[in-house]
Amino acid sequence: MSMSAATTDPIWRAPRLPFSLTLALLLVLSVFLLSCETLGKVGEFLDSISDGAACTENFECLGGRCLTARAGYPGGYCTTLQCDKQGCSGFSSECFRTKIDNVEVAACYEMCRFDGSCRREAEGYACVVLEDVQVCLPPNATNATPQGAVGSGCTNDLQCGQGGTCLTNLFGGYCTRLGCDGSASCPTKSTCVTLNPDAAAADQVDGCLATCAADGDCRHGYACQTYQGSKVCVEADRVETKNPDGVDDGKTCVANVNCKGNTCIREAEGADGQMSFPGGYCTTRNCKDDTDCNGSSICISRERSTTCMASCAADSDCRTGYKCRAGIEGNKFCDSKVEYIAPDTTGANLFDIKCGASKALTFTVPAGAIGFYIAPFTSNSRPIKPTTMRLPNGSTLNIETEYKFHAINPLILESLAPILFPASNDARFSNGFGPGQYTLNVQSDSSSICYYMIPKMSAGTKLDVNIYLVGVPNLTAATAAANTNMKQVVQVMQSIYTSMNVQVRVANYVDPSKATIDNYSMLRDFGDIFGLVATSEAQGSTVDESLAVNVFLINDFAISEAPGLLGVSAGLPGMAGVHGNSGSGLVFSTASLGRDNATLGQTMAHEIGHFLGLRHTTEHQGAEHDPITDTPQCIYPNLGYLCSDAKNFMFPFSLGNDQRLTTPGQSFVVKRSPLVK
């Protein structure tokens, strides 16, 4: 994309140190001199000098350059040059190759807010899409597609404007208008089509798609094809490399422009003070399969998204600071190191945690039980994996093959491996885990294997939720229950579980410590999710009070490889009853609170479903399906509304806020979770 020429003012240079470094050193020194009240204003000050801020002179900008009003930037615009080598000033901007004073440079532009708006809209700045990144620029600075136009990229409905819907199943997201009635009801440069023409008439969904004359009229990853008599932008059969001059997935980077896949997972300070991705990490987002990746990398699933990571066979194949771990699909990739926090095994506990050296865990399920939940873990955070289980009738269940649909926690939590029996209504399992003696065999190099077992005596009907408010603006434990927006979110979530005959109650709203809020209100790395949920505490001293789901509401996620992330469950299922560990909760962004409460409530229901033991109806790429007999299956979930399970609340992609269907089979599994009492 070409940008207009900027000011001819020379770039300001510090006498000995770059301005940004000089200022950073002064800020570090000043921290020791500021009062606690003043420290809260440091963030506001940094915003006022970061990329995208107003300015008149270069020295006013953290990045050292001011694009002035006479160059077409009303009120001036702070930027950072040479960002392809040194990165941008802060996490709210991105680096692009462009022209300033008719000279090719790399410069930073401020990214748009979660909802596709800009902080300086009153001055004429608007959100546009550059290389599938949403940035705030003056309207005359570029001919890029306005954010929210039909066909523009997106991660949530808010970015698609009033009445818009983001189809997250499509490459990079796709803004549309659902429910159109003929092309006249669609915005300009778009037309109305039926998204699922093979469905029954009552289930058909109409939506607007961007029109085109040639492939060049469509954004990256899309091609101009004829569909239902109109030429529209749809996903290309093969996505070309975004940046041929960049490096492969898994290599070091400081900005997106360094990478072939045009996404850099930046080196960021984790909440524990450790570098999450030392040296940065190039990746390619929204991959369909391994062929979309660059170099020797593979396509793996994240929550409601996919991304490419460098493949490996052992830790030695990865860069310093990384480890080789297995993905949900079983393939191995180089990922950031995560320290998992195990449950506290000292003193008395309500769930009779047993620890020892044996890797054969023998336990007895009492008479009358209809199932059970068992949570093996290592007390020293070493990996653990259930392999086989001997049943009371003498038969052996191979968990890695016959029950693999529920054997994924070793890939998510590594040192925590909770598992639910039965996790399917299939006749092979529905009545196969009653009373008697069992032996669960686990694989681990740890000499300290712990576990606890919770028998399920009857199908449950009530679920308690504890909601932690981690830096949510204008919400505290004292005000949340009466807050209109929170009530709407909770009501949507409750309605989905009511359809499964489960009544959900918010048992407690909790204000976490100031340290927790400071560290975790904005999460920049998946590893920090586990650290946050480990701050959970039992909200009572009884078994009943302990059997509750911990829901953490944060300000927002800012995870490079999963933009627009709304929620994550730490485990499938999560650690039930025992709190204060890496598997004891779920985390949700509240960036859409007050503007899209329905989707937030729906997302909360979806992630709680995972925590209770439900899989996606269809997994990414259609490679696997849940083990429940009455949920529809889809060969390729990226087809979105063409899938018969598209409106189920456990569909892997967001297609608007009308995904609330449940099935009796899903209810069967949920009611067997120990958390549903």
Side-chain angles (χ1 to χ4, degrees), residues 1 18 20-21 50-51 62-63 79-98 104-111 130-135 153 172 220-221 239-270 274-287 290 292-300 302 305-312 317-325 333-338 523-528 557-563 565:
M1 298 293 180
S20 56
L21 179 57
S50 62
D51 296 327
L62 186 59
T79 189
T80 304
L81 300 185
Q82 298 181 328
C83 51
D84 54 340
K85 297 179 175 61
Q86 64 185 30
C88 294
S89 302
F91 281 94
S92 60
S93 56
E94 188 48 70
C95 183
F96 298 88
R97 290 194 178 96
T98 186
E104 293 285 346
V105 297
C108 296
Y109 299 113
E110 179 184 22
M111 290 189 287
L130 286 179
E131 300 174 13
D132 277 352
V133 179
Q134 302 154 345
V135 293
H220 176 81
V239 178
E240 298 300 324
T241 299
K242 276 189 175 182
N243 181 8
D245 297 329
V247 298
D248 288 335
D249 300 324
K251 302 298 185 181
T252 61
C253 57
V254 297
N256 290 349
V257 295
N258 301 143
C259 308
K260 283 183 180 177
N262 207 43
T263 296
C264 174
I265 308 174
R266 304 187 201 185
E267 180 176 270
E269 285 287 351
Q274 301 299 313
M275 287 294 182
S276 301
F277 285 87
Y281 192 108
C282 279
T283 187
T284 303
R285 293 190 289 108
N286 302 307
C287 50
D290 293 351
D292 286 338
C293 298
N294 297 292
S296 58
S297 59
I298 55 176
C299 184
I300 67 161
R302 295 293 199 185
S305 66
T306 56
T307 191
C308 295
M309 308 292 275
S311 61
C312 59
D317 296 329
C318 301
R319 290 160 43 198
T320 301
Y322 294 83
K323 67 176 298 183
C324 187
R325 61 170 298 179
F333 61 95
C334 297
D335 199 8
S336 61
K337 291 184 177 180
V338 176
L523 293 186
R524 305 190 186 281
D525 176 66
F526 276 106
D528 286 344
F557 296 99
I559 299 178
S560 301
E561 70 269 39
L565 184 65

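- Looking at Asp51, its side chain does come within 3.5 Å of a backbone N or O of Thr80 through a donor-acceptor pair.
- Under the 3.5 Å distance criterion, the side-chain polar atoms of Asp84 are left unmatched by any main-chain donor or acceptor of Val257.
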Should Thr283 and Thr307 be marked as a side chain to side chain donor-acceptor pair (under 3.5 Å) after you check the CA-CA gap, both sets of side-chain angles, and the distance that decides it? CA-CA 7 Å; Thr283 187; Thr307 191; 2.6 Å; yes
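- Judged purely by atom type and a 3.5 angstrom limit, Tyr322 uses its side chain to pair as donor or acceptor with the backbone of Pro278.
- With rounding to the nearest 0.5 Å, the separation of CD1 in Ile265 from CZ in Arg524 is 14.5 Å.
- Here the two cysteines Cys293 and Cys308 have their SG atoms closer than 2.5 angstrom.
- Between Cys83 and Cys88, the two SG sulfurs stay at or beyond 2.5 Å from each other.
- The residues Glu94 and Arg266 are annotated as salt-bridged, a charged nitrogen and a carboxylate oxygen being separated by less than 4.0 angstrom.
- Here Asp335 does not pair with Lys323 in a salt bridge; the nearest charged N to carboxylate O distance is not below 4.0 Å.
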Under the criterion side-chain contact (heavy atoms from CB on, under 4.5 Å), I'd like the reasoning laid out for Thr241 against Asn294: C-alpha separation, chi angles, the key distance, then a yes or no. CA-CA 8 Å; Thr241 299; Asn294 297 292; 3.5 Å; yes
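- Atom OG1 of Thr79 and atom CG of Leu81 lie 5.5 Å apart (nearest 0.5 Å).
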Apply side-chain contact (heavy atoms from CB on, under 4.5 Å) to the pair Gln82 and Val105, showing each step before the final yes or no. CA-CA 7 Å; Gln82 298 181 328; Val105 297; over 6 Å; no
One pair to check against side-chain contact (heavy atoms from CB on, under 4.5 Å): Arg285 and Asp292. What are the steps and the verdict? CA-CA 9 Å; Arg285 293 190 289 108; Asp292 286 338; over 6 Å; no
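- Remark: SG of Cys287 is found under 2.5 Å from SG of Cys299.
- SG distance check for Cys324 and Cys334: not under 2.5 Å.
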Report the C-alpha separation of Asn256 and Thr263 in whole Å, then their side-chain angles, then the decisive distance to 0.1 Å, and conclude whether the side chain to side chain donor-acceptor pair (under 3.5 Å) test is met. CA-CA 4 Å; Asn256 290 349; Thr263 296; 4.9 Å; no
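- Under the 2.5 Å cut-off for SG-SG separation, Cys253 and Cys282 do not qualify: their sulfur atoms lie farther apart than that.
- Formation of a donor-acceptor pair under 3.5 Å by the Gln134 side chain with backbone atoms of Met111 is not found in this model.
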